[in-house]
Undergrad: 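I'd like to ask some things about the structure below.
These numbers come from the heavy atoms of this one structure, side chains and all, not from hydrogens, waters or symmetry mates. All of these numbers come straight from a predicted model, not from anything done at the bench.
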Amino acid sequence: MLDIKRIRETPDEVRQAIENKNEKGNPDEVIALDLRRREIISEVERLKNLRNVVSQEIAHLKKDRQDAEEKITEMKSVGETIKQLDEELRTADERLREQLLRLPNLCDASVPVGRTADDNAEVRSWIPPHTMRLNEDPEHTVLDHLELGRKLDILDFDRGAKISGSGFPLYIGEGATLERALINFMLDTHLRDHGYREIFPPFVVNTDSMVGTGQLPKMAEDMYRCAEDDLYLIPTAEVPITNMYRDEILEADRLPSSFCGYSACFRREAGSYGKQTKGFLRVHQFNKVELVKFVHPEHSYDELESLVANVERILQLLEIPYRILLLCTGDTSFSSAKTYDIEVWSPAEETWLEASSCSNFEDFQARRAGIRFRPEGKGSKPQFVHTLNGSGLATSRLMVALLENCQTPEGKIIIPKVLQPYTGFTTIG
RNA sequence: GGAGAGGUGGGUGAGUGGCUGAAACCAACGGUUUGCUAAACCGUCAUACUGGGAAACUGGUAUCGAGGGUUCGAAUCCCUCCCUCUCCGCCA
């Protein structure tokens, strides 16, 4: 949520920023609602003040056993007016908040202005030597992850579809173990080497949490919802972890607070049919290790860089080629002010696959969710924290890259060294 | 699922219609004292919105789980809902 004062004071900047982001949103409407709201407030508060003063007088009159009937009658009608105005105010508040919730976050000045993914800027890439050989060797038939999974009997998308529906992968044998190994390896590395504290969150959350991180109201059709209980399956652990501190004021010495948590992630992916959908490329349920930080506003952009570095380290240890993109304004998500995507290389698809997205939300989520901190120093007012998060990483796309990059000409998989203590085996096949 | 108890400020916890934005204590912060630490003492100590002011600051309104009702006036009375806890049942 944007600060209404910022919209009020610099509507043109806000309008331009929304347009750069390819989002809809009308600051004028918000400004009009805000104006109307404040008019009502000043009137209703004047009347409430009157009522409070006169009620006090009535109390004194009664105490002195004097007649207060006239004042009581007068206040009766004031009360009626207040009730009406309160109702109007409630409506105005609601409409204003509704509009505000639908305005996207504005991008940081360092984000390149652009409309589509073509305008994203490649920041750097990292390619371990053996991968190049793999792709350049004409004798080496490169299998995609589906074929590898089927041949080695470690992934079964057909049976997954039978059990649940398409997009619900079933991991078998070494495939299941490898998945679990990846999760544990990533968690351990972030906890041990990168200073995160582990969270194991609930996988379903309430509406307030979804609004807090910005999934609702805009993305409602992408969520799995348990209507009976008004709960949502989480699309990412970002939601429960960020909402841990919803409506709280943190002490300044708690910042920065960095958390790392595994969760299954559920996405309906409505409207994405026809895009890259085969195998792991687009699924309804996947596993992800998520990184979330609550930081002091002054440091959030440094923290974003270190977040990205933490994710990169995982890929380097796994020896998976990747590149980092700075998303342009048009490709940056609704809630984010600046986002880096980390993409892994798929030799079979001969393309880069998004495996992580690291974002600085500045105070956008914090304002929605009411996450503040009390700055050092006496008499300081609470301020909104900045929140960041990134996938560290999602296993589905990572599994594609891992299987494809680690395959031998014979169609076996060589498990990366760092994972071997976790899998207990060194090859599959 | 059945029965009961309870939700008050950062924490504990008083408060059953007006002088309670809310006692007291603890924590925190500032200060005095002290060779240092500790202790003691004094003071400060909620949040949001809104108005005035360049600002320091200051006026107003709201908030005692949420919403509604009664009343001139509600933390306090009534209704609905939510949440937490305890016991029983069921279950991993």
Side-chain angles (χ1 to χ4, degrees), chain A residues 1-9 30-101 200 202-212 216 225-232 240 243-255 257 264 294 363 366-385:
Chain A
M1 190 156 63
L2 297 176
D3 187 355
I4 181 68
K5 293 191 190 91
R6 185 172 174 188
I7 301 174
R8 210 187 279 157
E9 282 156 20
V30 167
I31 290 167
L33 280 168
D34 172 55
L35 196 66
R36 174 69 189 133
R37 173 176 166 273
R38 283 183 296 152
E39 278 170 11
I40 301 170
I41 285 174
S42 92
E43 177 61 7
V44 77
E45 288 194 349
R46 188 183 64 80
L47 291 176
K48 282 180 177 173
N49 179 234
L50 177 68
R51 180 176 69 183
N52 288 346
V53 169
V54 175
S55 288
Q56 204 60 238
E57 289 170 13
I58 291 170
H60 289 127
L61 286 176
K62 290 213 165 185
K63 207 171 172 186
D64 300 341
R65 305 203 165 278
Q66 292 182 28
D67 178 45
E69 272 317 304
E70 198 182 315
K71 287 180 189 295
I72 289 177
T73 316
E74 192 188 331
M75 284 310 103
K76 215 167 197 164
S77 89
V78 169
E80 292 297 318
T81 313
I82 288 175
K83 196 181 270 184
Q84 280 174 26
L85 286 173
D86 265 342
E87 179 62 26
E88 278 182 50
L89 181 59
R90 204 181 55 79
T91 313
D93 272 338
E94 228 166 63
R95 282 174 55 197
L96 179 60
R97 184 172 162 80
E98 223 168 82
Q99 291 293 320
L100 278 175
L101 285 177
F200 200 130
F203 290 3
V204 295
V205 299
N206 57 30
T207 303
D208 285 345
S209 294
M210 281 297 202
V211 172
L216 291 180
R225 174 160 181 253
C226 314
E228 191 87 350
D229 304 292
D230 200 21
L231 293 170
Y232 294 84
N243 276 284
M244 280 197 303
Y245 294 136
R246 173 153 47 83
D247 294 324
E248 291 192 36
I249 301 173
L250 307 174
E251 290 306 322
D253 58 17
R254 296 274 296 278
L255 303 180
S257 264
F294 301 87
D363 64 4
R367 193 180 298 280
R368 286 175 159 241
I371 307 169
R372 292 174 292 173
F373 74 102
R374 195 179 297 283
E376 309 270 10
K378 54 181 185 288
S380 57
K381 288 273 157 202
Q383 278 182 44
F384 290 109
V385 300

Undergrad: What residues, two or more places apart in sequence or in another chain, satisfy side chain to side chain contact (heavy atoms under 4.5 Å, CB included) together with A:Asn52?
TA: none
Undergrad: What protein N or O atoms touch nucleotides 73-77 of chain B N or O atoms at under 3.5 angstrom, if any, and at what distances?
TA:
{"from": "B:G73", "atom 1": "O4'", "to": "A:Ser55", "atom 2": "OG", "distance (Å)": "3.4"}

Undergrad: Determine yes or no for a side-chain-to-main-chain donor-acceptor pair under 3.5 angstrom, with A:Asp3 supplying the side chain and A:Lys5 the backbone.
TA: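 Between the backbone of A:Lys5 and the side chain of A:Asp3 there is a qualifying donor-acceptor contact (under 3.5 Å).
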Undergrad: Assign each of A:Asp34 and A:Gln56 to its nearest nucleotide of RNA chain B by heavy atoms, then name whichever residue's nucleotide is nearer the 5' end.
TA: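 The 5'-side residue here is A:Gln56.
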Undergrad: C1' atom, B:G30 versus B:C19: distance in rounded Å?
TA: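 These two C1' atoms come out 31 Å apart once rounded.
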Undergrad: How about A:Asn243 and A:Val205: do any of their side-chain heavy atoms sit closer than 4.5 Å?
TA: no
Undergrad: Relative to the 5' end of RNA chain B, which residue comes earlier, A:Arg46 or A:Ile72, by the nucleotide with the nearest heavy atom?
TA: A:Arg46
Undergrad: For nucleotides B:G7 and B:A14, find the distance between their C1' atoms and express it as a whole number of Å.
TA: 16 Å
Undergrad: Would you indicate what A:Arg8 reaches in the nucleic acid, counting non-hydrogen atoms under 4.0 angstrom: base, sugar-phosphate, or nothing?
TA: sugar-phosphate
Undergrad: Measuring only the P atom in each nucleotide, how far is B:G53 from B:G13? A whole number of Å is fine.
TA: 46 Å
Undergrad: Mind calculating the distance between CZ (A:Arg90) and C1' (B:A66) to the nearest angstrom?
TA: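 Rounding to the nearest Å, CZ of A:Arg90 and C1' of B:A66 are 13 Å apart.
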Undergrad: Over all strands shown, is A:Lys71 touching base, sugar-phosphate only, or nothing at heavy-atom distances under 4.0 angstrom?
TA: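 The answer is nothing, as A:Lys71 stays clear of every strand by at least 4.0 Å.
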Undergrad: If I take atom CZ in residue A:Arg254 and atom C1' in nucleotide B:A28, what distance separates them, rounded to the nearest angstrom?
TA: 15 Å
Undergrad: To the nearest angstrom, how far is A:Ile249 atom CD1 from B:U47 atom P?
TA: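 Rounding to the nearest Å, CD1 of A:Ile249 and P of B:U47 are 6 Å apart.
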Undergrad: Looking only at atom P, what distance separates B:U44 and B:U58, rounded to whole Å?
TA: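 It comes out at 14 Å once rounded to the nearest Å.
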Undergrad: For B:G60, does the base pair up with any side-chain atom of A:Glu45 as donor and acceptor (N or O, under 3.5 Å, distance only)?
TA: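 Side chain to base: pair present.
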Undergrad: Which residues pass the side-chain hydrogen bond (donor to acceptor under 3.5 Å, both in side chains) test with A:Arg51, sequence neighbours left out?
TA: none
Undergrad: Excluding sequence neighbours, so at least two apart, what forms salt bridge (charged side-chain N to carboxylate O under 4.0 Å, His left out) with A:Arg246?
TA: none
Undergrad: If you compare every side-chain N and O of A:Lys76 against the phosphate oxygens of B:C72 (OP1, OP2), does one of them come in below 4.0 Å?
TA: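 Yes, because at least one side-chain N or O of A:Lys76 sits under 4.0 Å from OP1 or OP2 of B:C72.
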Undergrad: Starting from P on B:U61, measure out to CZ on A:Arg37 and report it in whole angstrom.
TA: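 From A:Arg37 CZ to B:U61 P: 17 Å.
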Undergrad: Taking atom P in both B:C82 and B:A24, compute the distance separating them and give it to the nearest angstrom.
TA: 37 Å
Undergrad: Using a cut-off of 4.0 Å on non-hydrogen atoms, how would the nucleic acid contact of A:Ile58 be classed: base, sugar-phosphate, or nothing?
TA: base
Undergrad: Only counting residues at least two apart or in another chain, list the ones meeting ring-ring contact (aromatic ring centres under 6.0 Å, His included) with A:Phe384.
TA: none
Undergrad: Taking B:A39 as the reference, what is the distance to B:A54 when you measure between their C1' atoms (whole Å, please)?
TA: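 After rounding to an integer number of Å, I get 46 Å for this pair.
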Undergrad: Using the test side chain to side chain contact (heavy atoms under 4.5 Å, CB included), find all partners of A:Ile40 that sit at least two apart in sequence or belong to another chain.
TA: A:Arg36, A:Leu85, A:Glu88, A:Leu89, A:Ala92
Undergrad: A:Arg38 side chain N/O closer than 4.0 Å to the phosphate oxygens (OP1, OP2) of B:G51?
TA: yes
Undergrad: Any side-chain N or O of A:Lys83 below 4.0 angstrom from OP1/OP2 of B:U70?
TA: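 So the side-chain polar atoms of A:Lys83 do come within 4.0 Å of the phosphate oxygens OP1 or OP2 of B:U70, strictly under.
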Undergrad: Run the numbers on A:Glu43 and A:Arg46 for salt bridge (charged side-chain N to carboxylate O under 4.0 Å, His left out), then give the verdict.
TA: CA-CA 5 Å; A:Glu43 177 61 7; A:Arg46 188 183 64 80; 3.2 Å; yes
Undergrad: Phosphate oxygens OP1/OP2 of B:U61: is one of them under 4.0 Å from a side-chain N or O of A:Asn49?
TA: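 Checking B:U61 against A:Asn49, a side-chain N or O does come within under 4.0 Å of OP1 or OP2.
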Undergrad: Please measure how far the C1' atom in B:A62 lies from the corresponding atom in B:A74, and state the result in whole Å.
TA: 14 Å
Undergrad: Charged N to carboxylate O below 4.0 Å: is that the case for A:Asp34 and A:Arg38?
TA: yes
Undergrad: Output the single nucleotide from B:U50, B:A48, B:G18 whose closest atom is nearest the side chain of A:Arg372.
TA: B:A48
Undergrad: What integer number of Å spans the C1' atoms of B:U33 and B:G60?
TA: 42 Å
Undergrad: Report the residues that fulfil side chain to side chain contact (heavy atoms under 4.5 Å, CB included) with A:Gln99, sequence neighbours left out, ordered by chain and then residue number.
TA: A:Glu29, A:Val30, A:Leu33
Undergrad: Using atom CZ of A:Arg374 as one end and atom P of B:G30 as the other, report the distance to the nearest whole Å.
TA: 14 Å
Undergrad: Expressed as a whole number of angstroms, how long is the span from A:Met1:CE to B:A48:P?
TA: 13 Å
Undergrad: Can you list every salt bridge (Lys or Arg N to Asp or Glu O under 4.0 Å) pair that touches residues 67-83 of chain A, not counting sequence neighbours?
TA: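 Residue pairs passing salt bridge (Lys or Arg N to Asp or Glu O under 4.0 Å), neighbours aside: A:Glu57-A:Lys71.
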Undergrad: Rounded to whole Å, how long is the line connecting atom CG of A:Leu89 with atom P of B:A62?
TA: 12 Å
Undergrad: Can you tell me how far C1' of B:C49 sits from CG of A:Leu96, to the nearest Å?
TA: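 From A:Leu96 CG to B:C49 C1': 12 Å.
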Undergrad: Using a 3.5 Å limit on both distances, find every run of at least three consecutive Watson-Crick or G-U pairs that involves RNA chain B.
TA: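 So the stems come out as B:1-7 with B:82-88, B:10-12 with B:24-26, B:28-32 with B:40-44, B:46-52 with B:57-63, B:65-69 with B:77-81.
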